[in-house]
Amino acid sequence: MRNVLITGGAGFIGSNFVRYLLDVDPHIRVVNLDLLTYAGNLENLTDLPDADRHTFVKGDICDRPLVDRLLRDYQVDTIVHFAAETHVDRSILGPEQFVRTNVFGTFTLLEAARGFWIDGKPQTMSGVRFHHISTDEVYGSLEPGDAPFCETTPYAPNSPYAASKAASDHLVRAYAHTYGLPITITSCSNNYGPYQFPEKLIPLVILNALEGKPLPVYGDGLQIRDWLYVEDHCEAIWRVLKSGKIGENYNIGGDTQPTNLEVIDTLCSILDERLRDSEHVPHIDLVQHIPDRQGHDRRYAMDISKIREQLGWQPKEKLDSGLRKTIDWYLDHPEWVATARQQGDYQRWMGQNYTNRKDIQ
Ligand code: NAD
Ligand code: DAU
């Protein structure tokens, strides 16, 4: 692994991974292809270690000539594919962009990789890799008492987002089976940590609480997610790139599965401690139950025994310490928060999803 194309590397997890990769291996060069949609932010890429080994390219993964040129010009041997539309609520209100980016974008990358690595020159196949970042949401929703998702759990995606990710996984798998493309897939649970765009639950709650705004809880708030600190995710991907078996899928999770209300309660308690003089203490009083997400998955939980036993990875961060680090990061980065909120259509989105929420039920 020398020349790595990262897609979506200006987003939340992608930018954390770019930073991790440059730090962990001094020989790797990174080409970062990102369209800078509302979720991408060049501010996520400041202070990179050894930034000379990082090249940013603003562009679309659906642009085949561009992807071809990048693979050729940078002699790419590894693709780590993060780029996607990622917010479930947006996929409910506007699914088309999810199909374009997540399905057609992944298809375009696969075709380009096949063209560059396989067609006419199979000798170049050794040492190359297409690594695809997927999600636990492809497995659907668990009932209370169901065993956690494992790698052989049948796919049953419930939202347009999850369905588009499932479709992209199937394409990746098919390119391995049909063309022999050397692939790995990791399916991950909910990430949190620095640089997460404040449309997702944890940064949204932190930032609303700071301003004394309502903390919006969909339905009864008893939905369960498996929360993973983003740096643990980055380390897991690295392990799979280094030691994972070609053709395999690995589940990654945080081994901690609180309800949404428990997460919000913990966030509020930490904020109460950190901001003793705030007029909004106790922050938990800001919780407001609002109409539920359409088709809302009730529970996710990941069985991570495969990656633990085969690659020796397990999450290091506990939920409480990870949430403390996350809150401190948002408190320490008001400029980043201001830029993210000014970006794209954030205000319009907040109006559409929250102010007008009863209209979509
Ligand atoms: P994000 O929304 O923060 O960032 C997505 C990035 O992709 C942005 O920088 C955006 O500009 C870029 N992008 C979007 N469309 C593009 C296109 N057509 N061409 C090039 N770039 C484009 O996403 P994230 O939360 O960092 O998620 C990254 C990946 O991890 C996604 O594939 C997502 O499905 C997966 N995942 C996320 C989580 C999570 O909790 N955030 C959990 C499991 C899996
Ligand atoms: O499970 C992995 C997935 O996690 C990723 O594949 C997705 O890209 C990522 O967005 C995330 O999806 P979720 O829908 O689980 O994340 P979100 O932060 O949007 O919501 C977490 C939970 O909180 C979910 O049950 C919905 C609820 N929620 C969310 C928001 C934004 C609320 O109750 N209120 C809110 O305002």
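Note that ligands are numbered from 1 as they come in the structure, with each ligand's atoms numbered from 1 the same way.
- Classification of R29 and D52 as a salt-bridged pair fails, no side-chain N sitting under 4.0 Å from a carboxylate O.
- With no hydrogens or angles considered, a side-chain donor-acceptor pair links E199 and Y38 at under 3.5 Å.
- Only the side chain of V88 comes within 4.0 Å of ligand 2, counting heavy atoms alone; its backbone N, CA, C and O stay farther away.
- Taking every non-hydrogen atom of A39 and a distance limit under 4.0 Å, the qualifying atoms of ligand 1 come out as 2 (O), 8 (C).
- Close N/O approach between Y354 and ligand 2 is found [any backbone or side-chain N/O within under 3.5 Å].
- Residue K165 approaches ligand 1 through these ligand atoms, each under 4.0 Å from one of its heavy atoms: 31 (C), 32 (O), 33 (C), 34 (O).
- Near T37, the atoms of ligand 1 lying under 4.0 angstrom from a non-hydrogen atom of the residue are 10 (C), 11 (O), 14 (C), 15 (N).
- Checked against salt bridge (charged side-chain N to carboxylate O under 4.0 Å, His left out), K325 has the following partners two or more places apart in sequence or in another chain: E317.
- Atoms of ligand 1 found under 4.0 Å from any heavy atom of L36, numbered from 1 in the order shown, are 11 (O).
- Ion pair D68/R64 flagged as a salt bridge, since at least one NZ, NE, NH1 or NH2 atom sits closer than 4.0 Å to an Asp/Glu carboxylate oxygen.
- Residue-level proximity to ligand 1 for S189 is carried by the backbone, the only part with a heavy atom below 4.0 angstrom.
- Stacking of R308 on the aromatic ring of Y250 is not recorded, the 6.0 Å distance cut-off and the 45° axial limit not both being met.
- Cation-pi geometry between R114 and Y179 is met: under 6.0 angstrom from the ring centre, within 45 degrees of the axis.
- In terms of polar-atom proximity, defined here as any N/O pair under 3.5 Å, Q196 makes no such contact with ligand 1.
- Atom 16 (C) of ligand 1 has its nearest heavy-atom neighbour, among T135, T108, L35, N16, in L35.
- Considering backbone and side-chain N/O atoms, G11 comes within less than 3.5 Å of an N/O atom of ligand 1.
- Residues T184 and H132 have side chains that never bring a donor and an acceptor to within less than 3.5 angstrom of each other.
- Counting heavy atoms closer than 4.0 Å to ligand 1, residue T101 contributes side-chain atoms (C-beta onward) but none from N, CA, C or O.
- Where the criterion is an N or O separation shorter than 3.5 Å, residue side chain and backbone included, Q223 fails it with respect to ligand 2.
- In terms of protein heavy-atom proximity, atom 43 (C) of ligand 1 is nearest to C188 O, 3.2 Å.
- Within ligand 1, the atoms closer than 4.0 Å to a non-hydrogen atom of A10 are 9 (O), numbered from 1 in the order shown.
- W117 and F130 have their aromatic ring centers separated by at least 6.0 angstrom.
- Atom 26 (O) of ligand 1 has I13 N, 2.7 Å as its closest protein atom, hydrogens excluded (heavy atom only).
- Residue-ligand proximity, N190 to ligand 1, at heavy-atom distances under 4.0 Å covers atoms 40 (O).
- Side-chain contact, Q75 with N3: no donor N or O sits under 3.5 Å from an acceptor N or O.
- For atom 25 (O) of ligand 1, the candidate residues are F82, F12, F98; the nearest heavy-atom contact is made by F12.
- When each atom of ligand 2 is checked for a heavy atom of V217 under 4.0 Å away, the hits are 33 (O).
- Close N/O approach between E137 and ligand 2 is found [any backbone or side-chain N/O within under 3.5 Å].
- To the nearest 0.5 Å, atom CZ of residue F197 and atom CD of residue Q343 are 6.0 Å apart.
- Residue D60 has at least one heavy-atom neighbour below 4.0 Å for each of these atoms of ligand 1: 17 (C), 18 (N), 19 (N).
- Atoms of ligand 1 lying under 4.0 Å from at least one heavy atom of Y161, given by number and element, are 33 (C), 34 (O).
- Atoms of ligand 2 found under 4.0 Å from any heavy atom of H296 (numbered from 1 in listed order, with element): 24 (C), 25 (O), 26 (C).
- For the 3.5 Å distance criterion, the side chains of N251 and Y139 qualify, holding a donor opposite an acceptor.
- Contact annotation: G59 has at least one heavy atom less than 4.0 Å from an atom of ligand 1.
- Which of T186, D226, I133, T86 comes nearest to atom 23 (O) of ligand 1 through a heavy atom is settled by distance: it is T86.
- Under 4.0 Å is where a charged nitrogen must lie from a carboxylate oxygen, and between D60 and R100 at least one such pair does.
- At a heavy-atom distance under 4.0 Å, no atom of T7 approaches ligand 1.
- Under the 6.0 Å distance and 45° angle rule, R225 counts as a cation-pi partner of Y300.
- In this structure, K165 does not count as a contact residue of ligand 2, since none of its heavy atoms falls inside 4.0 Å of the ligand.
- In this structure, a donor-acceptor pair under 3.5 Å is absent between the side chains of N191 and Y229.
- When S134, C62, S15 are ranked by how near their heavy atoms come to atom 44 (C) of ligand 1, first place goes to S134.
- In the model, T266 has no side-chain atom that pairs as donor or acceptor with a side-chain atom of E262 under 3.5 Å.
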